[in-house]
Structure formats: structure tokens, C-alpha cells
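Structure first, then comments.
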Amino acid sequence: MPGHEICLSTREARKLTLAAQGLIGPRPSGGPAAMLVRLQAVQLDTISVLARSHELVAYARLGAVGRAKIEQAYWGPKSATFEYWSHAACILPLADWPAYGFKRRALAARGHRWHHLEDADKSCSYVRDRLRAEGPLSARELGGAKKGGPWWDWSETKIAAEWLLDTGELVCRQRKGFQRVYDLAERAIPAHLFGVELDDEACYVRLLRSAAIALGVATTADLAAYHGLTRGRVEELIGGADLVPVRVVGWDRPAYSTEPALALLQRRMTGRSVLVSPFDSLTWYRERTERVFAFRHRLEAYVPRAQRVHGYFSMPVLGGNRLVGLVDPGRLGRTLVAKHVSLETRDAAGHVAAALRQAAAWVDCDNVVVERVTPPERRAEVDGLVVAAVRG
């Protein structure tokens, strides 16, 4: 009500978050393409365990959607997407091309990203000329992505292509074998979007509003993290984003929501049991995850094996409207292997069992094996529920 502060409980904040992310209530309609528009960004990562992270994001929301359908929605001539730097490398709605103009300008002003500047202008001209003459090409087709050493030891051609992508001369709208395919932005971005130039403030307000819609309820730090904005600038411009100030019990900072999100508080919405990618937009800002869900999660893929607590690719388990545990998954033939199950709540085992059964079916596994459970005294409980779920 006007003139009255809106106060949300922690449970209501979780509900708004999960509803905005498409993880409670009816599954989002419109398939992966509509889901991407709803989330406003899907993070990319090279790690593939059960599937690549961008596939897991769609699976968590849409269920057993075909992986080919996911790829077609994200890339290729029928997609309405492009790749760029949001909070990290992400697939983004094509309509948001103008909103990232401020980042393209900032990267151009910062200067070349050359590791060893040999002849930047020559390399960039070579890439432009090849693409203009031959159409979209991968780094390999342009002459090789690497010099022959480690993965980060890029060739001058790859560095040039990435620099031109940073600054908006090139764009990636498709991939081949998970390799970026570069094209001239003037050719690949529709004219009605390519010709739009928003100033920095307009870009910020648009992405700030976008983040608020995707998050449901958020602090300025949350809003800044979602698309890689600076918190100070977000705080300066928050008043122009048409958001609703709210207070969340237990949060020590002001928060913001939207009128459509707040209207969902009156609706009854059912949760689900599902594995969530470590790179899912639900949890990619770890400080927010702890505040909203009282749940601590860290990706341990780059932690030495002996120092890992939960596992290489431990995936949070959503159970209803809470994060209830972690599963570090793997595959052995047609068996989904839960290398480590970590239970955080009393009812976690049932949610874990249901999530494992559904994930196994999605990746064409007909069996589930649990190797380790924490706490160990709950091992029999997990085994029994997993067996029942798989047989059922």
C-alpha cells in the first residue's frame, strides 16, 4: 500500500526468488527460448559432468527437455540470442544487445587484450577480412585458437577475434563443438537493434530492471552482481528503475522488488526436487545464496582433490522452496553415480532421491549408485529412498 513499507518474511523472499527463476509453480511455458528471456542470462562453462551447465539450467526448470532442443534455442539461425559478458560469459536475449553498449565502450577504452602485442592492427584486419569474405568462422577455421601450449596460450588470431567481440565489431550467435563461431555484428545483429545506441545510464537502468525481474527480490549488491554492474552506480540509478522498495526480515540492507513479483505472494505455488547447476543463476552470487537460503555452496572443481569437502562438481539440491543438500554426480555407462551426497536438512534424503531418479532418466541412465553420504549415519536412509525412487 502507498505510504506503507512492505515487509517480507524470509520464506516470502525465497518464494519470490524461486518464482522469478521459474523453479516453483507450473513449469515455464515456451521452452528454452522463453526460459532464457525470463532469466535474462544463462552462464556458460566448459565443465560437463551430467551435461554442460547451460543444459542443466534448462533441465532444472523445464524437466526432461531434449538436449538438441536446448541447443537450438540457444544458438543458430532460429535463436534470438547472442553471447557476451554479463556477470560472466553468458547466453543473452538478442533484444538486450543495445543494453551492453556500455560494456563494449568500456572495453574499447581500456585497450587491446593482447598478451604479447606483436601486430594488433594486422591481426584484427585479418580476422575482419576473412569473416567479410567467407562468412561466420570459428577460431580454428580462422587459423587456430592456440599456439600449441596450454589452453590459455591463445594465438594472435584468437586474441584478435576475442578483442573484436569484446568491443562489438564481432558477435557470437552460434557454436560448433562448443567453440565460438564469430561473425560481423553488422551482419549478424538485426538492423533495428544494431543501430540503437543507449548511453551508459540507460544501459544500466535497463539491466538493473532486468536483474530485478529475474531475481524477484534483491539488494543493490544482488542487482549489481547479476549482470556485472558496479554497486555504486546501481545505487545512484536505482530510483530510475521503477522498483518497489521492500524490507526483508533478517536482511541488513534495503531490498527491491517489482509489482508483478509481489503479486505472486498471493498465489499458491508448489516446489520440486531437482539438481541445480553450480553455475545456475539461482546461486551464482554466493553471498545472496547464503542470505536467501541459509545455504553455503562453493564450486570445488579447482580445489585440490584432497581439500574438497563436497566434491568436484557438487550440485545444490532444491527441495520445495529450500536448498536441502548437495550431490557430486558422475556417470559410469548407464549408471548415474552420486559420488558424494551431503544432507543439510532433515527431509533432504527424499528430495535427493527424487532428484537423482529424474536426472538419471534425463541423461538416459537406468540405475543410480550412491558412493558416500554425509552424515554417514544417514547412508541407509538415502540408499533405501534411492532404490525405491528408481524402481518406482
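Taking the six-membered ring where tryptophan is involved, the planes of Trp284 and Tyr226 are tilted, since the angle between them lies from 30° to 60°. Between Tyr59 and Trp362, the two ring planes are parallel [angle under 30°; tilted spans 30° to 60°].
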Please lay out, stage by stage, how Glu55 and Arg52 fare under the test salt bridge (charged side-chain N to carboxylate O under 4.0 Å, His left out).
CA-CA 5 Å; Glu55 297 173 310; Arg52 292 199 188 274; over 6 Å; no
Can Asp328 and Arg308 be said to form a salt bridge (charged side-chain N to carboxylate O under 4.0 Å, His left out), step by step?
CA-CA 11 Å; Asp328 183 34; Arg308 292 173 190 158; over 6 Å; no
Side chain to side chain donor-acceptor pair (under 3.5 Å) between Ser210 and His227, worked out
CA-CA 9 Å; Ser210 157; His227 287 307; 2.9 Å; yes
Run the salt bridge (charged side-chain N to carboxylate O under 4.0 Å, His left out) check on Arg233 and Glu236 step by step: do they pass?
CA-CA 5 Å; Arg233 196 78 172 112; Glu236 290 175 11; 2.7 Å; yes
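The hydrophobic cluster containing Tyr302 does not contain Val309, counting ILVMFWY residues as joined when their side-chain heavy atoms lie under 4.5 angstrom apart, directly or transitively. Two different hydrophobic clusters hold Val327 and Leu385 under the rule that ILVMFWY side chains link at heavy-atom gaps under 4.5 Å. Under the 4.5 Å side-chain heavy-atom criterion for ILVMFWY residues, no single connected hydrophobic cluster contains both Trp85 and Val181. In the hydrophobic clustering of ILVMFWY residues, with side-chain heavy atoms under 4.5 Å counting as a link, Phe295 and Tyr285 come out together.
Looking at Gln43 and His87, their side chains do bring a donor and an acceptor atom within 3.5 Å of each other. A donor-acceptor pair shorter than 3.5 Å cannot be found between the side chains of Arg130 and Thr157. Counted by atom type alone, Thr220 and Tyr256 present zero donor-acceptor pairs between their side chains at under 3.5 Å. Inspection of the Ser314 and His340 side chains reveals no N or O donor paired with an N or O acceptor under 3.5 Å.
By the 4.0 Å N-to-carboxylate-O rule, Arg206 lies close enough to Asp96 to be salt-bridged with it. Salt-bridge check for Glu290 with Arg286: failed, with every basic side-chain N at 4.0 Å or more from each acidic carboxylate O. The pair Glu71-Arg67 fails the salt-bridge criterion, with no side-chain N (NZ, NE, NH1 or NH2) lying under 4.0 Å from an Asp/Glu carboxylate O.
Geometrically, Arg180 does not engage Trp75 in a cation-pi contact, judged by NZ or CZ lying under 6.0 Å from the ring centre and within 45° of the ring axis. For the pair Arg105 and Phe102, the cation-pi test (distance below 6.0 Å, angle within 45°) is failed.
The two residues Cys365 and Arg331 make their nearest non-hydrogen contact at SG-NE, 3.5 Å. Shortest non-hydrogen contact noted between Leu215 and Asp222 is CD1-O, 3.7 Å.
Within 6.0 Å of CZ in Arg11 there are 12 or fewer heavy atoms belonging to other residues, nucleotides or ligands.
Inter-residue side-chain proximity for Leu326 and Pro316 is flagged as met; some heavy-atom pair is nearer than 4.5 Å.
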